[in-house]
4 protein chains.
Amino acid sequence: MSQQDKMIEELFHNADELTEKQKKIVAAAIDSFAEKGYAATSTSEIAKKAGVAEGTIFRHYKTKKELLMAIVAPTMAKLIAPFVIKDLNKVLNQDFERLEDFLKAFIENRIQFLKSNMPLFRIFIQEIPFQPELREQFKEHIAQKVLERLRQIVEHYQAKGQIIEMPPDTVIRVAASTIFGYIIARYLLSPEEKWDDNAEIERTIQFLMNGLSPEK
Amino acid sequence: MSQQDKMIEELFHNADELTEKQKKIVAAAIDSFAEKGYAATSTSEIAKKAGVAEGTIFRHYKTKKELLMAIVAPTMAKLIAPFVIKDLNKVLNQDFERLEDFLKAFIENRIQFLKSNMPLFRIFIQEIPFQPELREQFKEHIAQKVLERLRQIVEHYQAKGQIIEMPPDTVIRVAASTIFGYIIARYLLSPEEKWDDNAEIERTIQFLMNGLSPEK
Amino acid sequence: MSQQDKMIEELFHNADELTEKQKKIVAAAIDSFAEKGYAATSTSEIAKKAGVAEGTIFRHYKTKKELLMAIVAPTMAKLIAPFVIKDLNKVLNQDFERLEDFLKAFIENRIQFLKSNMPLFRIFIQEIPFQPELREQFKEHIAQKVLERLRQIVEHYQAKGQIIEMPPDTVIRVAASTIFGYIIARYLLSPEEKWDDNAEIERTIQFLMNGLSPEK
Amino acid sequence: MSQQDKMIEELFHNADELTEKQKKIVAAAIDSFAEKGYAATSTSEIAKKAGVAEGTIFRHYKTKKELLMAIVAPTMAKLIAPFVIKDLNKVLNQDFERLEDFLKAFIENRIQFLKSNMPLFRIFIQEIPFQPELREQFKEHIAQKVLERLRQIVEHYQAKGQIIEMPPDTVIRVAASTIFGYIIARYLLSPEEKWDDNAEIERTIQFLMNGLSPEK
DNA sequence: GATGAATGAGCTTTCATTCAT
DNA sequence: AATGAATGAAAGCTCATTCAT
């Protein structure tokens, strides 16, 4: 079982009690949705790929959209998990005195997670423009909780003089752009190219640090 | 006629000789594709919105996909137009001694363009994951010509000591991420929020400059 | 101009006053109807092949079916022309004392005609099952006039003791089957095979003669 | 249940395991294809006549053409069945010393078969000019196997001095023309006329015998 | 007379969903 | 729980025909 399969396993199969068939359906749907998009994937195609009858899909998921949601929602939850731990500030104080250490740890951790869930991440960013429900859920969770947390973090390091004086939302935006820009380039746009991942992440952090550090 | 309509006009109606009906079809298609995605938009819906018979669409565009291509291709061409001007280096030397000036001019120009063609840009980035032909065209034009040019520009400013020593592709990646990150946040994710555009662009450039400048 | 073109010319262009465009339409229609059938041929296809606008077809022929009729009707007329000459019996008495001579002359003449109009003959027998109007016209002309004549001819040779005693309609049926069987095999089923036409017609007549002659 | 329904039953419903709906679809398709031709028959018409939803047709037959093929192929097989029995020559020797007996038995048997499957035979001869696949199948089976067999039979009776010396293919052609000519006249051209079938078949055989017998 | 853009009904086919087994 | 035949609405697309130019 590959690393990715383990993650999918973890996302869908441990927490809930999914039947064997359900797991196959979910795996097949992830595959197809990621490749051709939700709208262009037919339920019969999913059924065939999963090796189940068409009716079986609808026994577990009332509609095709419900299947999409069942796939994307837990990914979103896991993606933002690190932000919702209670004592984040304590962690920051204890473990990450310097912004650079925090960024390094944080970026590497989240890249690891996304790398293992690339098809799911792909579905997420591909479908969010088309699915209002998805957007709603996303805004409710990310925009509310995560942004709030991120602002605190930014202010935390600004207070320490490690981040330039700038509206926190702007800091978050440029930092997020830089990080997601790397992930999208690395895993979606040019996955087949040869990447020196360590060096590339190093440079990305260097750029971020330079961009965010107060000028001397 | 709105600013956006003017740009669509410019992209489709001046250069080519489109009939009145064709213009309506294109406008309706852009509208729907941007909103619900290509796959989820039906040709009957486009016809209705355009006020033409469904058959009329297929008289002008053999297939639905051809309609998509007819819409996206010229946008792509216009988007990369500044990179394919012949004497770009001369322009850089004469007009933009400093990187900051170049970035400012360049970013503002392209943002202006995208702002006026947001639905088209939206279709472009939303459909590129699903349309192999689109990806093909994109790679052929962007990856080949534009990347080549951008590398030259980066090396140009690196030679002048204005950009940090770093692989040009990495520089391009972080810069592009930052710029597109702004555009996506500003016009796609939170268009309804109040933005102080000038200040925000200013800060984005400041971040870019700090991130890319050789450390002192 | 080929032999066949000359015949088509004769059928359509001399008698009537067809414009140049009309001739092209008719030629294109014959081509396509023969190849793919009336129902499976689109008027746009005919227009393209004829090098005229779609509207032009409908200026000359109110409907697609009218075009078919305009093509088939004169062929039918020419096909049965030999039977409607007034003094057929005089001809028979003077020129064809023996049945064999008559058959030979008659078969060769009609084969010649059909050979030169094969696409038209093809359309005729292919479409007659599907076009009630065609069948109507056919019955009215053939079944009425031609059968009448053929019965006279059969009785003529029966009176002379050259055809077996048998209901004339049966004689006509077996003779027509034999002749059309040859034409269909020769020109429609296996046109690309090598045929020794003279010998084959000779044998066909021999078979007919043997089959129809009173036994000795 | 009529005689014809029994035969259709036999062709489609015993051998294969067709669902009830499938049988209805096939019956409706045969009906319409025979009457108006394949190209001029719409699937919605077939669905309505069969009393099923249009989608049901395409669940069983991927395309309209596949439905046509599924209808015609087994008919073709049954039509040529008598020729592919292994010990045909033994049968000829034992049962049909005289050509006339063979012809009588053979013709009556095949006429019986075709009479019971007239709509299918109709579809077959009406569509073979338009369907290349059909023609291909036909040539492969008929032209190869059946012609081979027929040549043997002809040579068999020629060796016995019961058929005139003539190329076997010519004999086959004139005999087939005569037989099919009868069937087409009897059942397709003038089915409503009064026919004395026994006498007519008798005369047809007489004509054939006379035509094919060596002259004395 | 000729054009060809425009039409809208109708075509084949696909689809998400239901339901009897 | 699982199946897969059945559905019928809707999809993309084609067609014969019309009509303003």
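In what follows, every chain begins at residue 1, and chains take the letters A, B, ... in the order their sequences are listed.
Checking A:V52 against D:G55, the closest nucleotide of DNA chain F that is more toward the 5' end is the one next to A:V52. Toward the 5′ end of DNA chain F lies the nearest nucleotide of A:G51, the other residue of the pair C:K64 and A:G51 mapping further downstream.
OP1 or OP2 of E:dA16 has not a single side-chain nitrogen or oxygen of A:K62 nearer than 4.0 Å. For E:dA16, one of the phosphate oxygens OP1 or OP2 lies less than 4.0 angstrom from a side-chain nitrogen or oxygen of A:T43. Phosphate proximity of F:dA5 to D:R59: present, with a side-chain N or O under 4.0 Å from OP1 or OP2. A sub-4.0 Å separation between OP1 or OP2 of F:dA5 and a side-chain N or O of D:T19 is absent. Within the 4.0 Å cut-off from OP1 or OP2 of F:dT3, at least one side-chain nitrogen or oxygen of A:K21 is found.
In the set E:dT14, F:dT7, E:dC11, the nucleotide with an atom closest to the side chain of D:F58 is E:dT14. The nucleotide whose nearest atom lies closest to any side-chain atom of B:T63 is, among F:dC13, E:dT17, E:dT13, F:dC13. Distances were taken from every side-chain heavy atom of C:T56 (C-beta onward) to each of F:dA6, E:dT3, F:dC13; the shortest belongs to E:dT3. Nearest nucleotide to the side chain of A:S42, out of F:dT7, E:dC15, F:dG12: E:dC15.
The distance from atom CD of D:Q22 to atom P of F:dA5 is 9 Å, rounded to the nearest whole Å. The distance from atom CD1 of A:I25 to atom P of E:dT17 is 14 Å, rounded to the nearest whole Å. Distance B:E54 CD to E:dA5 P: 19 Å, rounded to the nearest Å. F:dC13 atom C1' lies 13 Å from atom CD of B:E66, rounded to whole Å. For the pair B:L68 CG and F:dC13 C1', the computed distance is 17 Å after rounding to whole Å. Atom NZ in C:K24 sits about 17 Å away from atom P in E:dG1, given to the nearest Å. Here the P atom of nucleotide E:dG8 and the CD1 atom of B:I46 are 18 Å apart, to the nearest Å. Nucleotide F:dA1 holds its P atom 16 Å from the NZ atom of A:K23, rounded to whole Å.
In terms of modelled atom types and a separation under 3.5 Å, the side chain of B:E127 and the main chain of B:Y38 share a donor-acceptor contact. A donor-acceptor pair under 3.5 Å is absent between the side-chain atoms of A:Q126 and the main chain of B:P129, judged by distance alone.
Between the side chains of D:E54 and D:T43, a donor-acceptor pair is found at a separation under 3.5 Å.
To the nearest 0.5 Å, the span separating CZ on C:R122 from OG1 on C:T75 amounts to 14.5 Å.
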